[in-house]
Amino acid sequence: LLQMTIAFLFGAKVGDGLLVHGPMGCGKTSVLLEILGRLNWPTLPMSWSETSDVADLIGRDRIAFGETTFEYGPLARAMKEGFALLINEVDRGRGGNLVGLNDVLDGGKLVIKETGEVIEPHERFRLLVTANSAGSGDLTGAYSGSVRKLDPAFLDRFWYTKVDYMEQQDEIDLFLRKYPDMSGVFIQKMAKFAAETRQRAEDGSGDISVSLSTRS
């Protein structure tokens, strides 16, 4: 993921997007924010949902003190100021609500219809998204229909990389550093149990449908 993200940030043509997918709680957003932070790349993170639409990204007219003004959304700000826009849970919304980004993902300009302003994409603007699926919908049954299939024309404009749970020993080392006063034997057993739930949830060998994430 580190190599893919850095290659994307510094080598992608303007307009490409990066889609990072993987199971819940494995660290998709955290590791991206860590990489972007260490690169000192200004970032605007936001979450996507069933009710989100492109207007939430571009911006909306607001009335303040009796006057109507346009308030830039995170996409408009990122394109103007050279930020990385990180949209989390992009497969939780309706697939058709994202096709409005296709022109931007092609490297095009952003037209704000409310004001007539045309925004040229800043050379450091990047679009990154995270998802539990690779855009094909929930194939595991673990997300109760909340993960949706995305439009293939939208997906065709992305680089892809997968993040999975850490190796068991890496997870043990993480918890030993995070909780030095906790029993090492208990942490090892906890990590082993978590790994077993993930394996059983993935291969359907038991009655576990949701794996134990690093976060939980």
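Since we're looking at a predicted model, the values are computed, not measured.
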Euclidean distance, [Y] [atom2] relative to [X] [atom1], rounded to 0.5 Å:
X: Gln168; Y: Gln188; atom1: CD; atom2: CD; value: 9.0 Å
X: Ile35; Y: Leu2; atom1: CD1; atom2: CG; value: 5.0 Å
X: Leu32; Y: Asn88; atom1: CG; atom2: CG; value: 8.0 Å
X: Leu44; Y: Ile87; atom1: CG; atom2: CD1; value: 10.5 Å
X: Tyr165; Y: Asp170; atom1: OH; atom2: CG; value: 15.5 Å
X: Lys162; Y: Asp164; atom1: NZ; atom2: CG; value: 5.0 Å

Looking at every heavy atom in both [X] and [Y], which two are closest together, and how far apart are they?
X: Ile63; Y: Thr68; value: CG1-OG1, 3.9 Å
X: Lys28; Y: His21; value: CD-C, 3.7 Å
X: Ala194; Y: Thr197; value: O-OG1, 2.7 Å
X: Gly100; Y: Val54; value: CA-CG2, 4.0 Å
X: Leu36; Y: Ala84; value: CD2-CB, 4.1 Å
X: Pro42; Y: Gly82; value: CG-O, 3.9 Å

Without swapping roles, check the side chain of [X] against the backbone of [Y] for a donor-acceptor pair under 3.5 Å.
X: Asp151; Y: Ala153; result: yes
X: Asp16; Y: Phe158; result: no
X: Lys80; Y: Ile119; result: no
X: Asp91; Y: Asn132; result: yes
X: Ser216; Y: Leu212; result: no
X: Thr130; Y: Glu89; result: yes

Test side chain to side chain contact (heavy atoms under 4.5 Å, CB included) applied to Arg126 and Phe10, Trp41, Phe83, the passing residue: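 With Arg126 as partner, Phe10, Trp41, Phe83 yield a single side chain to side chain contact (heavy atoms under 4.5 Å, CB included), made by Trp41.
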Criterion side chain to side chain contact (heavy atoms under 4.5 Å, CB included) against Leu110, the qualifying member of Ile58, Asp103, Leu101: Ile58
Any chance you could pull the hydrophobic cluster mates of Phe65, using side-chain heavy atoms under 4.5 angstrom and chaining through other members? none
Between Val31 and Val20, is there a side-chain heavy-atom distance shorter than 4.5 Å?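 No, their side chains stay 4.5 Å or more apart.
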Counting only heavy atoms from other residues, nucleotides and ligands, does the tally under 6.0 Å from [atom1] of [X] exceed 12?
X: Glu114; atom1: CD; answer: yes
X: Glu67; atom1: CD; answer: no
X: Phe193; atom1: CZ; answer: no

Say whether [X] and [Y] are linked into one hydrophobic cluster, either directly or through other cluster members, by side-chain heavy-atom distances under 4.5 angstrom.
X: Leu33; Y: Leu39; answer: yes
X: Met46; Y: Met79; answer: yes
X: Tyr160; Y: Val90; answer: yes
X: Ile187; Y: Leu174; answer: no
X: Met166; Y: Phe175; answer: no

With sequence neighbours left out, what residues match Phe70 under ring pair (Phe, Tyr, Trp, His ring centres under 6.0 Å)?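 With neighbours one apart ignored, the set is Tyr72.
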In this structure, which one of Arg200, Arg198, Lys192 forms a salt bridge (charged side-chain N to carboxylate O under 4.0 Å, His left out) with Glu196? Lys192
Go through Thr161 and Phe8 one step at a time and tell me if the side-chain contact (heavy atoms from CB on, under 4.5 Å) criterion holds. CA-CA 11 Å; Thr161 187; Phe8 167 74; over 6 Å; no
Which residues pass the side chain to side chain contact (heavy atoms under 4.5 Å, CB included) test with Ser52, sequence neighbours left out?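 Here the qualifying residues are Trp48, Ser49, Asp56.
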